[in-house]
Amino acid sequence: MTTVDTTTAAADPRETTTDLGREWWRSSVIYQVYPRSFADSDGDGLGDLNGIARRLPELRELGVDAVWLSPFFRSPQKDAGYDVTDYRDVDPIFGTLADAERLIEEAHDLGLRVIADMVPNHTSDQHVWFQQALAAAPGSPERARYIFRDGRGPDGSQPPNNWESVFGGSMWTRVDDGQWFLHIFDSSQPDLDWTNDEVRAEFRDVLRFWLDRGIDGFRVDVAHGMIKAPGLPDYTPPAEGGSMGGGMVDATDLEPAIVDDEPDHPYWGRPEVHEIWREWRTVVDEYPGERVLCGEAWVDPLSRMAKWVRPDEMHQTFNFPYLETPWEGPALTRVIQASLDAFGAVGAPSTWVLSNHDVVRHASRLALTAPNPQGSGIGPDSPGRPIAELGLRRARAATALMLALPGGAYIYQGEELGLPEAIDLPDDARQDPTWFRTGGERYGRDGCRVPIPWESDAPAYGFNETGASWLPQPADWAPFARDTQRGVAGSTLELYRAALALRREHDLGLGTVEWIPGSGAGVVAFRNGSVTVYANTGEVPVELPVGEMLLASTDVSAGTLPADATVWLRAE
Ligand code: GLC
């Protein structure tokens, strides 16, 4: 077992970085825990908070700064917890409120911050507010918390407009008295009306509830969907866009900042959302210790997304244009520079992310050979099935590139093990509402949500002691297990550990990018402070300057950088 580097461990993370006079979130690496699939202490096949608490030392050992927990609030789990009935309590499948409080405390003791996942766009249909709305009459204050409308057509039997749910089918469902309610996602997730002051006040209070319990900030779910255009006009999205609204412009076709233009989209990224972030920023700023907001905002282009992180709004947004950029040198160079420019223009750090619980894991995605819009997932019949070895090789190179960039970075649980997407899940195991709402036409996101392997030779690969698993784990995952990789030179886990340690040692998160021209068409080459980085996305090896090798994503012999590989050299 390798030892934990205690030189950077801190008793309470909220005291250290502030003392250093730096805002921790500008350079942080945040690890996403998907609680259902991380670690299961009670053996029921679903992960839980006590399971996470037990494994926290391993995250400390990995070298991340914070964990973001996907939702653990009370929920009927129709969308894996992104359908909340009580924002102030923990769902019994994950534990209790006391478990959450203990988890926050233990994380802090280890020097890790904890970010919760707030879901303000919609509630569960089981939420007391929605139940009250159903029982109340059209036009009542209870209905006004949500988006109820009369239907179209002589008898109102047609939905109020043509909007389609992100998960497939209409965005409207009819209730017994004939009115319709809006849901961007599943019909079990009615959208709240964020022009309603009562809704706003309630969420300010929910934020304080968790901030009072020591939460270090919030990842804000569907932050770009919360305001709808007045009149709810018909809209047909372009066929090539991702389900969440991203990918509608080519992420690599980046024009210089056009910060004043506003989107003409009836529900994604409306300008009125900024007012909400200013309100939320005031709330988190009331607390000591630099509590943060990071937005899930699938907003293109980057210049528009940058408006979300102006000094009085959020601290970070996920850089989805970067996530969506193919493994191609010129495209990566462009998106990196455009990100630094766009976020830099408003004084914010860029973030970098390659995987999360909604996208095909990058160890598979980067080797797909057919288009695959976000949210579609891949399954046994998908075209362009990735070659596993190529995907892993590229994923390692892509991560080594990402972790060398200045700004904040996000890691999704399991990517440090090199986990691929679980492609061959049986149909009857699938649980994503996307699968059901599209009649199996889109596989959805289950393939990136399978419980992760800890021990190669234990039931459920050490996810728990019973072997139960809410999604079946592939039979060939033993080589990915943490214990197979720990301390093994060249393993993906050790690559992540080394990269994170070097990133900290060389302060790359607060550095700058100086491009190194003339390195070859498919090569991304830059200097960040004391480190030079070369990533070869091309098909042939390229010449590498002489220098002390600090990190390599694959075996590299002196003077040559093979295809699909990244190295960090000590800068001369
Ligand atoms: C976000 C979450 C996703 C969820 C959706 C609806 O995009 O990341 O998992 O299904 O919101 O809440």
Side-chain angles (χ1 to χ4, degrees), residues 30 32-38 68-85 87 91 115-127 130 146 163-169 171 182-192 194 203 218-226 228 241-247 267-269 273 293-299 305 308 316-320 323-324 351 353-361 373-377 410 412-413 421 430-438 442-450 470-471:
I30 302 182
Q32 180 188 0
V33 168
Y34 194 65
R36 300 168 72 91
S37 302
F38 189 69
W68 143 36
L69 306 173
S70 281
F72 49 77
F73 313 113
R74 265 192 196 265
S75 159
Q77 303 290 324
K78 296 268 181 55
D79 184 25
Y82 284 95
D83 50 320
V84 180
T85 50
Y87 292 86
D91 196 275
I115 311 285
D117 204 325
M118 192 43 62
V119 190
N121 177 68
H122 47 267
T123 68
S124 158
D125 63 347
Q126 306 302 308
H127 190 286
F130 194 70
Y146 294 90
W163 296 359
E164 289 209 356
S165 152
V166 164
F167 293 159
M171 219 188 256
L182 180 90
H183 48 89
I184 289 190
F185 298 93
D186 188 48
S187 54
S188 62
Q189 297 165 290
D191 279 43
L192 289 162
W194 273 86
F203 274 87
F218 303 94
R219 176 258 186 195
V220 186
D221 188 61
V222 199
H224 61 317
M226 289 163 64
K228 284 79 182 172
S243 68
M244 289 294 284
Y267 48 91
W268 293 139
V273 291
L293 298 171
C294 6
E296 185 206 20
W298 295 80
V299 175
M305 194 200 278
W308 294 58
Q316 293 186 342
T317 51
F318 295 96
N319 188 342
F320 293 125
L323 183 151
E324 289 175 325
T351 64
V353 58
L354 290 167
S355 280
N356 66 32
H357 65 296
D358 292 328
V359 302
V360 172
R361 282 185 176 279
Q374 181 277 326
S376 305
Y410 282 85
Y412 175 49
Q413 66 176 40
E421 188 83 353
R430 292 194 181 271
Q431 306 209 15
D432 185 348
T434 310
W435 167 256
F436 299 104
R437 291 184 64 91
T438 62
R442 286 197 258 145
Y443 285 104
R445 304 157 297 172
D446 291 316
C448 63
R449 299 176 173 182
V450 172
W470 70 282
L471 286 171

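Just so you know, ligand 1 is whichever comes first in the structure, and atom 1 is the first atom listed for that ligand. Both backbone and side-chain heavy atoms feed into the values below; hydrogens, waters and symmetry mates do not.
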**Report entry** Expected output: side-chain Gln32 to main-chain Gln413 donor-acceptor under 3.5 Å
**Finding:** no
**Report entry** Partner set under side chain to side chain contact (heavy atoms under 4.5 Å, CB included) for Glu296, not counting sequence neighbours
**Finding:** Arg219, Asp221, Val222, Met244, Trp298, Phe318, Phe320, Asp358
Query raised in the report: Which atom names give the shortest non-hydrogen contact between Val353 and Asn319, and what distance separates them?
Result: CG1-O, 3.7 Å
Requested in this report: Indicate, with yes or no, if the rings of Tyr146 and His127 have centres closer together than 6.0 Å.
Outcome: no
**Report entry** Pocket residues of ligand 1, ordered first by chain and then by residue number (heavy-atom cut-off under 4.0 Å)
**Finding:** Asp79, Tyr82, His122, Phe167, Phe185, Gln189, Arg219, Asp221, Val222, Met244, Glu296, His357, Asp358, Arg445, Arg449
**Report entry** Salt bridge present between Arg36 and Asp91 (N-O < 4.0 angstrom)
**Finding:** no
Query raised in the report: Hey, is the main chain of Asp83 close enough, under 3.5 Å, to the side chain of Ser75 for a donor-acceptor pair?
Result: yes
